[in-house]
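Structure, as structure tokens:
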Amino acid sequence: MSFKVAAAPHGHSQKKTNQVMAWVVFALIPGVLIQSYFFGWGVWFQILIAISVAYLAESICVWARERSARQALRDNTALVTAVLLAISIPPLAPWWIIVIGTLFSIVVVKQVYGGMGQNIFNPAMAGYVLLLISFPVQMTHWLPAAPIAPYDLGVWQTLHTIIFEYTPAGYDVEQLRTTVDGISMATPLDGVKTALDQGQILSEAYQLPMMGALAGIGWQWLNLGFLLGGAILLQQRVIRWHIPVGFLAGLLIPSLLAHVFAPSIMPGPIFHALSGATMLGAFFIATDPVSAATSDRGRLLFGLLIGLLIWVIRTWGGYPDAVAFAVLLANLCVPIIDRYTRPTVYGHHSGAKHDAE
Amino acid sequence: MSEFKTLTKQGLWENNPALVQLLGLCPLLAVTASVTNALGLGLATLFVLVGSNITVSLVRQWVPQEIRIPVFVMVIATFVTIIQLLMNAYVYQLYQTLGIFIPLIVTNCAIIGRAEAYASKNKWNYAAIDGLMMGLGFAAVLVVLGGLREILGNGTLFDGAELLLGEWAKQLRIELFSLDYPLLLAILPPGAFIGMGFIIALKNRIDAKREELQASEKTVTRARVTAES
Amino acid sequence: MQDIKQFVESGQIARFPGGIHPPERKQPASEQPLRRIPYANELILPLRQHIGVSGQCTVREGDHVLKGQPLTDAVLHQGLPLHAPTSGTVKAIEQRPMSHASGLPEQAIVISPDGHDQWRERQPLPDYQQRDKAELLDIIQAAGVAGLGGAGFPTSQKLAQQKPVSYLIINGVECEPYICADDRLMREHARDIVLGMRILAYITGADKTLLAIEDNKPEAIASMHQAISEYSDIELRVVPTKYPSGGEKQLIQLLTGHEVPSKQLPIEMGVIMQNVGTAFAVKEAVIDDKPLIERVVTLTGECIEHPGNVWAPLGTPVDALLDFAGFKPEQQQRVIMGGPMMGFTLPITAVPVIKTTNCILVPSTEELPPPGDEMACIRCGACAEVCPASLQPQQLQWLAKAKDYPALEDNNLFDCIECGACAFVCPSEIPLVHYYRQAKSQIRNQAREQAKAELAKQRFEARQARLEREKEERLERHRKAAEARKQMQQQKAQDAPEQESNNDGKSSAVAAAIARAKAKKAAQEGGSAGSEASDEATTQPRPAQDKSAAVAAAIARAKKKKQARDQEDKQ
Amino acid sequence: MTLNSMQKNGLLLGLFALVSTALVLGVEAVTEDAIAEQQRTQTLASLNEIIPPELHDNDLYHSCGLLSEPALSQQSVPIYRGYLNGEPSALAVEAVAPNGYSGKIRLLVAIKPSGEVLGVRTLQHQETPGLGDKIEKQKSDWIHSFAGKRLQSQNDDRWAVQRDGGMFDQFTGATITPRAVVGAVKSATWYLQQHSAELFQAALPQCNSAPQGDSHE
Amino acid sequence: MSFVVGLIAIGALALIFGLILGFAAIKFKVESDPIVDQIDEILPQTQCGQCGYPGCRPYAEAIANGDEINKCPPGGETTIKKLADLMGVEAKPLDAAHGEESVKKVAIIREDECIGCTKCIQACPVDAILGAAKQMHTVIEHECTGCDLCVEPCPVDCIDMVEVEAKPETWQWNLDSVKQNIHKADTIPVKLVE
């Protein structure tokens with residue numbers, strides 16, 4: 001009788017990769033619910049479109065590359081990419097925006113680089129940046145949050161807008177975000193930045209209609225929702241604390257210092273923490289292991305770098321939010337970070353050599 | 001004749017300066033936002049390449065090994081400056097567009113690369129053909145990339161060709177489609193990198209396919225180290 | 001060195017990076033007392049059981065051997081002799097499948113026991129302190145004692161290092177899941193182990209003996225604690241349960257707070273480590289004159305009815321052990337020699353227990369699910385987190401797949417102890433250790449190939465030089481012959497008018513002979529000046545004409561034979 | 001040996017340098033006039049667009065003077081003065097908007113002595129194609145929206161993009177570029193308005209090099 | 001005027017740089033790297049001639065002069081990779097026209113069929129065959145490079161190329177081979193140890 005031959009070790013622990021990815025999607029749920037509450041049904045349609053396109057694109061690529069499609073589709077990485085991209089873009093963006101973005105993420109950023117595990121950039125963020133650079137108009141058309149929105153769109157109206165770029169009543173997105181007094185509503189980050197650029201001081205900027213108690217109306221809750229999701233991931237040990245902590249430290253410490261020194265023109269840490277994609281970035285995007293640094297020290301550094309870049313770009317850059325750019329820039333630095341944060345291997349400590357003498 | 005054939009194949013395809021040697025990427029990526037620009041820089045580079053190749057080949061006997069690089073650079077710089085002056089004088093509009101990229105031709109490694117690798121070792125007529133073919137290869141890639149980016153980013157082809165070719169060229173302009181929202185990325189610098197990547201990938205794919213097709217049944221006679229004794 | 005002393009004296013336990021806590025599953029095997037297993041029908045003793053060269057066989061097929069009688073003679077000092085586990089007849093000396101992951105066969109002595117279990121003459125030595133260390137080392141060597149914890153390195157060799165030893169560490173950690181052979185041995189033979197430790201301490205001259213046991217073995221700790229209570233220079237160190245605390249390097253780090261420098265031996269830092277099982281074997285070898293002929297083996301896993309530890313005579317086939325314990329194989333059954341982390345699967349069970357066999361594990365699919373499909377690495381870093389050597393397993397994995405051997409060595413592949421922690425936690429179920437093993441063996445093979453290429457090059461060059469020389473000699477010969485001919489013709493021309501009537505044929509023959517002789521002499525001189533590497537065959541004259549017929553016949557014969565063979569093949 | 005090699009290489013390199021330089025200088029001599037002519041035509045074309053021929057009868061190109069004025073630019077900028085029948089009729093100055101989306105934007109701003117803006121042209125910029133480049137007259141009519149406007153005071157808040165509550169359109173998706181252009185035109189206009197009288201009088205150093213013409217990049 | 005100044009300035013600069021270069025050329029002359037030796041070092045030294053050159057060294061010289069690096073089947077992928085690194089070119093797959101990379105082999109002479117013709121001895125590039133005229137020949141296994149040059153000359157076809165026997169210590173952890181390995185015991189003839 002002959003027995004099965006297998007490689008050691010003969011046991012296995014911990015979650016499988018596809019389960020890890022499934023947990024990421026699961027932990028996004030609170031944030032997505034909040035987003036759909038404040039910003040309408042659009043996010044669900046975007047997610048739906050993104051997932052379909054992602055799986056279709058992934059299947060075709062894997063088929064063209066003559067790899068096992070079953071395995072590639074089961075690992076759930078395409079799902080994560082699709083959902084992250086879908087919740088990053090404005091919920092009422094036309095359908096072709098998310099299609100182009102997802103295609104770019106999956107085909108160019110992921111598969112062309114060799115598929116799962118091989119991409120040097122975060123696919124969702126690279127797709128987002130492509131969209132932001134190419135279609136800045138559509139990509140900055142965020143509606144004001146529900147409590148201050150001039151219009152309330154139903155499911156059908158939302159779908160109509162996504163498909164035809166205007167509501168059944170004939171309003172386009174630009175009109176939807178314009179209040180009765182003819183002022184179009186920007187996101188809090190954008191609003192504050194514009195106000196500051198025009199020489200207003202922070203307290204004036206905070207009087208803007210879209211500002212809420214902590215940061216922007218809707219946005220503050222959205223960020224808290226993603227923070228909750230992040231806590232779930234940490235608790236499940238799907239991610240480790242180094243990147244989020246580095247990320248938030250890199251963003252909040254400089255903003256705190258700046259706020260202390262120039263309280264009238266530098267927004268404080270609470271505003272930064274609860275605006276834009278901060279929490280989504282800290283817990284869901286920067287923590288993508290494939291494109292992040294690997295060692296613990298390296299991850300802390302990687303997170304710090306992203307946080308710092310976000311603060312720098314938000315403060316002095318051309319775009320209001322900067323999570324995607326910061327993540328991509330930090331992705332580029334990963335090989336260097338990895339190289340210089342390599343832990344000393346057992347027996348290679350200088351102390352060890354000294355003792356040998 | 002066969003040398004001519006080889007040089008043609010090398011320059012246009014097998015050893016294409018842009019696709020294979022990856023030389024001169026700086027101007028290549030910078031000016032290929034439209035076909036017109038690409039064509040302009042391609043022609044300028046072609047001219048310099050041929051001129052420098054011939055000159056280098058002619059003087060090669062008198063140039064000692066140690067100072068060959070400065071001499072080649074000087075030859076190239078002279079040609080580039082002359083081109084710049086001529087363009088400035090006679091095709092001013094295009095000069096405005098390609099402006100800063102013309103002096104960059106001096107540092108286009110493809111040119112000094114050819115001077116060093118080919119012209120300094122071969123007769124002037126061969127060197128001229130080499131320069132011509134390499135220049136054509138380079139220009140072709142420029143134009144293809146320029147076309148790709150212009151179509152994606154602008155929906156047109158040969159937009160502004162009159163700047164290069166004169167008024168009649170206005171008819172060349174083709175409007176493929178009118179975009180409300182062009183794919184800006186294509187005409188921005190990252191688009192050049194991505195487009196270039198795809199063109200190189202395509203070339204490699206074609207080569208692989210060709211190799212597959214002509215899996216030649218060449219046999220190699222095995223040398224015997226020891227049989228003769 | 002001073003730091004180490006300070007650390008050890010303080011009684012601290014350090015930490016090592018990484019490590020994992022796999023389910024231990026030492027029960028129920030650890031709760032059963034040690035049992036003896038009846039001798040199997042045949043005992044298979046591979047000539048080579050450890051790193052190094054195999055010994056020279058001293059018995060022949062059909063010989064009768066007594067229990068404890070040496071079967072091989074250790075050539076040089078590196079090898080270890082092998083002993084008959086019981087009395088019986090040498091049934092065969094042949095290739096048998098080996099207890100090795102490769103399943104490759106090796107030369108083995110097969111003994112069929114006669115049932116009398118008759119000992120050879122023994123000379124117990126209770127007063128080992130009276131003998132000098134060298135003598136004790138010889139005894140241990142002659143008893144074939146090898147390290148029973150891991151690789152089976154000859155114990156006498158490890159002890160013979162001429163370096164000062166401060167600490168003798170006795171490793172009773174046994175961190176790998178399932179395995180409880182040392183645990184059982186410590187519970188039941190504490191006094192013998194301590195005696196062995198005394199002998200080892202005496203030989204090494206260590207200042208202090210540290211006995212390390214993991215805190216998941218309270219009974220063993222209690223039993224050992226009692227046994228060492230009378231010795232002031234033995235200290236018990238209880239280390240927290242974590243895999244792989246039992247690794248030599250990791251345990252040294254735990255107990256001394258220092259790392260063994262890469263590519264150095266622990267002895268360099270004044271530390272030497274032996275397994276508890278080895279200590280027991282040393283005691284038996286020295287005091288009872290009982291060579292290493294049996295060892296404790298854990299039989300465990302859910303596919304076994306009576307798990308437990310047994311005294312298994314070396315050479316006992318694994319199937320005999322499994323039958324004894326009531327083995328009920330399932331579909332896709334794995335039989336693992338060693339533990340679940342570092343053990344290897346046996347393709348067949350007709351392989352013997354050898355000196356390094358500590359466990360036979362037959363798990364069910366539920367308790368140790370077989371690995372799923374290998375997925376792509378997502379660089380999650382879980383492997384780096386658990387690596388006790390602080391390596392970057394994911395990086396090594398990329399490099400191993402890319403076969404970038406120089407980079408692998410740069411990334412310290414050879415500091416990997418193959419503990420399997422990385423592969424255990426990998427969410428993509430990549431058999432990381434397997435890749436490292438392949439890469440390591442390939443790197444070693446490349447080094448071998450390189451050495452071989454060097455040799456080939458030398459030989460090729462020597463041959464070329466020789467051919468060149470021979471060619472020159474031949475030319476020289478031709479030239480001389482031509483000269484001689486010319487001279488002769490001249491002479492002939494001169495002589496002709498004078499001695500026309502003389503027999504010129506004769507004189508030319510004489511001249512030719514002289515020329516030949518000269519040429520030969522010249523050739524010989526040239527030859528002796530050259531190296532002796534010159535091969536005799538090529539300088540041999542060709543076979544004479546009449547022989548060629550014989551050759552032709554031989555060729556014809558060979559061709560016919562070949563044809564016949566080909567036809568057979570076709571059929 | 002060393003000396004020999006040094007001499008040989010030095011002389012050879014020197015010789016090559018002399019020949020090359022001579023060639024370049026020769027070509028330069030040949031093309032000099034053509035180049036100057038080209039630049040003149042180019043600048044004139046732009047100038048003539050915003051200062052129509054009926055508004056001046058002098059040679060605008062030669063009316064150029066260099067103005068050092070921190071309110072307009074750190075460097076001295078060329079200023080062109082148009083006269084009709086000896087009377088001052090138009091002023092044009094190069095203004096720089098330093099805060100464009102990607103770098104500086106060079107503009108040509110012309111006003112009547114009355115303060116009314118005659119026109120504005122973009123000379124050079126690196127704004128995002130498809131968005132910011134609508135400040136080019138080829139791409140959009142936006143730049144014409146300045147013509148005929150007047151500046152009431154330095155803090156005239158109608159001189160801003162609509163988003164900031166002003167009267168000028170911003171382009172969809174791009175606010176920074178028009179905001180920068182409006183700001184630069186505003187300060188240039190204010191300066192010209194305030195100083196028009198003295199500027200027509202002032203003796204300014206002659207421009208030695210013509211400005212760069214309209215750019216399409 | 002500027003014409004003359006330009007000429008003089010550039011000329012003088014060039015002259016100075018030329019002098020410096022001339023000086024440096026002599027002063028910092030580097031002995032050319034014996035690239036052929038480095039290449040030869042990488043080649044497997046089987047001297048099999050499959051590359052089309054008589055021996056490894058001639059092929060090394062050919063590579064140094066620009067020949068392809070993928071003509072060495074015995075060296076296989078590893079050698080090509082190393083050569084690519086050394087020569088700074090892209091590694092490419094082995095040129096199939098020269099043969100395929102296969103497992104390491106050694107020559108074995110079926111001794112009862114050998115007629116003692118010495119032809120194989122002359123063919124062996126590394127003198128790894130022992131024997132004399134009309135005497136049975138044998139291969140010194142650990143010196144055989146597996147080049148198979150001796151196979152063809154043998155008039156009675158008594159030389160076989162057999163795979164180098166795998167040993168546990170040289171085993172490459174190829175788990176797929178385990179199933180075959182366990183059957184090897186049956187095929188290996190039982191040998192008595194003297």
Any [X] side-chain heavy atom under 4.5 Å of [Y] side chain:
{"X": "A/Thr278", "Y": "A/Phe247", "result": "yes"}
{"X": "A/Val290", "Y": "A/Met116", "result": "no"}
{"X": "C/Pro388", "Y": "C/Cys419", "result": "yes"}

Could you look at [X] and say if it's the side chain, the backbone, both or neither that has a heavy atom under 4.5 Å from chain A?
{"X": "C/Pro369", "result": "backbone"}
{"X": "C/Gln394", "result": "side chain"}
{"X": "C/Ile378", "result": "both"}
{"X": "C/Pro370", "result": "side chain"}
{"X": "C/Ala384", "result": "neither"}
{"X": "C/Met342", "result": "backbone"}

Nearest heavy atoms of C/Tyr243 and C/Met341, plus distance in Å: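 Closest approach of C/Tyr243 to C/Met341: OH-CB, 3.2 Å.
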
So which atom in A/Ala8 and which in C/Val433 form the shortest heavy-atom distance, rounded to 0.1 Å?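 Heavy atoms of A/Ala8 and C/Val433 come nearest at O-CB, 4.4 Å.
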
Determine the option with the most heavy-atom pairs under 4.5 angstrom with chain A, choosing from [options].
{"options": "C/Gln250, C/Met375, C/Gln253, C/Glu367", "value": "C/Met375"}
{"options": "C/Ala389, C/Pro22, C/Ala423", "value": "C/Ala389"}
{"options": "C/Gln332, C/His434, C/Lys263", "value": "C/Gln332"}

Does any backbone or side-chain atom of [X] lie under 4.5 Å from a heavy atom of chain C? Answer side chain, backbone, both or neither.
{"X": "A/Arg240", "answer": "side chain"}
{"X": "A/Asp338", "answer": "side chain"}
{"X": "A/Val334", "answer": "side chain"}

So which of A/Gly114, A/Ala7, A/Ser291, A/Ala6 has the largest heavy-atom pair count under 4.5 angstrom toward chain C?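 Ranked by contacts with chain C, first place is A/Ala6.
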
Do the charged groups of C/Glu374 and C/Lys401 touch, with an N to O distance under 4.0 Å? yes

Who pairs with C/Ala14 by side chain to side chain contact (heavy atoms under 4.5 Å, CB included), at least two apart in sequence or on another chain? C/Phe7

C/Phe16 ring centre to C/Lys249 NZ or CZ under 6.0 Å, with the angle to the axis within 45°? no

